[in-house]
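Have a look at the structure below, then the notes.
Note that the structure is predicted; figures quoted are calculated from it, not measured.
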Amino acid sequence: MQGKVNLMFYVSALVAIAGAVGYQYFIKRVPGTLNPIVSVISVYVAVLVLGVLLIPLFPPEGGLLHQIRQLGWVQLAVAGGVFLMEFGFLLMYRYGWNLSTGNLVTGVIINIALFGLGVLVLGEKGNPVNTIGIALSILGVALISYRP
């Protein structure tokens, strides 16, 4: 069983990476003439269809109704966050951010904020190496953003 857990540890990260790269590339390609809200809505209609098609591959434990009963405010909060992220990146690229730097700059800031939330709210442990990593990330963003 341990081998399966390790494999899914890496496969799940690869799926997330592939999704994030595809997301950034394609959101950059949304036509500027398309209303951003219409674009976001169409994406979520497609996500709904894909999700429904994938349910048989990941059967809900205890049945679908059992799972639906467990839904709550967290799903609404996630939806709000995803909507803001999608809308924000769409606007960023529409208003001139480059694909090569827009996600990187926001990603570093997001990761620093998540580190802070993890330590301050969730009780995760930080260490001096993490602090050095944060400093290097900030330096990296400064170097990438530098225009001679």
Per side-chain contact (heavy atoms from CB on, under 4.5 Å), F83 is matched among I41, I37, V78 by I37
Atom CG in L91, atom CG in L84: separation rounded to 0.5 Å?
10.5 Å
With side chains defined as the heavy atoms from C-beta onward, is the minimum distance between N111 and I134 less than 4.5 Å?
no
Output for pair (I55 CD1, L50 CG), nearest 0.5 Å, gives 11.5 Å
What's the spacing between L76 CG and L71 CG if we round to 0.5 Å?
9.0 Å
Please give me the minimum heavy-atom distance between P56 and V52, naming the atom from each residue.
CD-O, 3.7 Å
When rounded to the nearest 0.5 Å, the distance separating CG of L143 from CG of L139 is 4.5 Å
Hey, are the side chains of R94 and P36 touching, using non-hydrogen atoms and a 4.5 Å cut-off?
yes
Between the main-chain N or O of M8 and the side-chain N or O of S12, is there a donor-acceptor pair closer than 3.5 Å?
yes
Should V30 and L90 be marked as a side-chain contact (heavy atoms from CB on, under 4.5 Å) after you check the CA-CA gap, both sets of side-chain angles, and the distance that decides it?
CA-CA 8 Å; V30 171; L90 181 62; 3.6 Å; yes
In terms of hydrophobic clustering (I, L, V, M, F, W, Y; side-chain heavy atoms under 4.5 Å; direct or indirect links), are I109 and I144 co-clustered?
no
Just checking Y44: does its OH atom have more than 12 heavy atoms from other residues, nucleotides or ligands closer to it than 6.0 angstrom?
yes
Would you say V15 and Y23 are hydrophobically clustered, going by side-chain heavy atoms of ILVMFWY under 4.5 Å?
no
At their closest point, which heavy atom of E86 faces which heavy atom of V40, and how far apart are they?
CG-CG2, 3.6 Å
Y93 side chain near R29 side chain, heavy-atom distance below 4.5 Å:
no
List the steps and the verdict of side-chain contact (heavy atoms from CB on, under 4.5 Å) for V43 and I27.
CA-CA 10 Å; V43 167; I27 200 77; 5.6 Å; no
When you group the ILVMFWY residues by side-chain heavy-atom contacts below 4.5 Å and let the links chain together, are I68 and L48 in the same group?
no
Any side-chain heavy atom of F89 within less than 4.5 Å of one from W97?
no
With the 4.5 Å side-chain cut-off for hydrophobic clustering, are V21 and M92 part of the same group?
no
Polar side-chain atom of N130 near backbone of N127 as donor-acceptor pair, under 3.5 Å:
yes
Donor-acceptor pair, distance only, cut-off 3.5 Å: does the side chain of Q67 make one with the backbone of E61?
yes
Joint hydrophobic cluster, V45 plus V82, side-chain heavy atoms closer than 4.5 Å:
yes
Atom pair CG/CG of L122 and L114 - distance to nearest 0.5 Å
9.5 Å
Got more than 12 heavy atoms from elsewhere within 6.0 Å of CD, Q75?
yes
What distance do I110 atom CD1 and L117 atom CG have between them, rounded to the nearest 0.5 Å?
12.0 Å
I'd like a table of donor-acceptor pairs (distance under 3.5 Å, sequence neighbours excluded) in which one partner is a side-chain atom from residues 100-107, with atom names and distances.
from: N103; atom 1: OD1; to: Q24; atom 2: NE2; distance (Å): 3.2
from: T106; atom 1: OG1; to: G102; atom 2: O; distance (Å): 3.0
from: T106; atom 1: OG1; to: N103; atom 2: O; distance (Å): 3.2

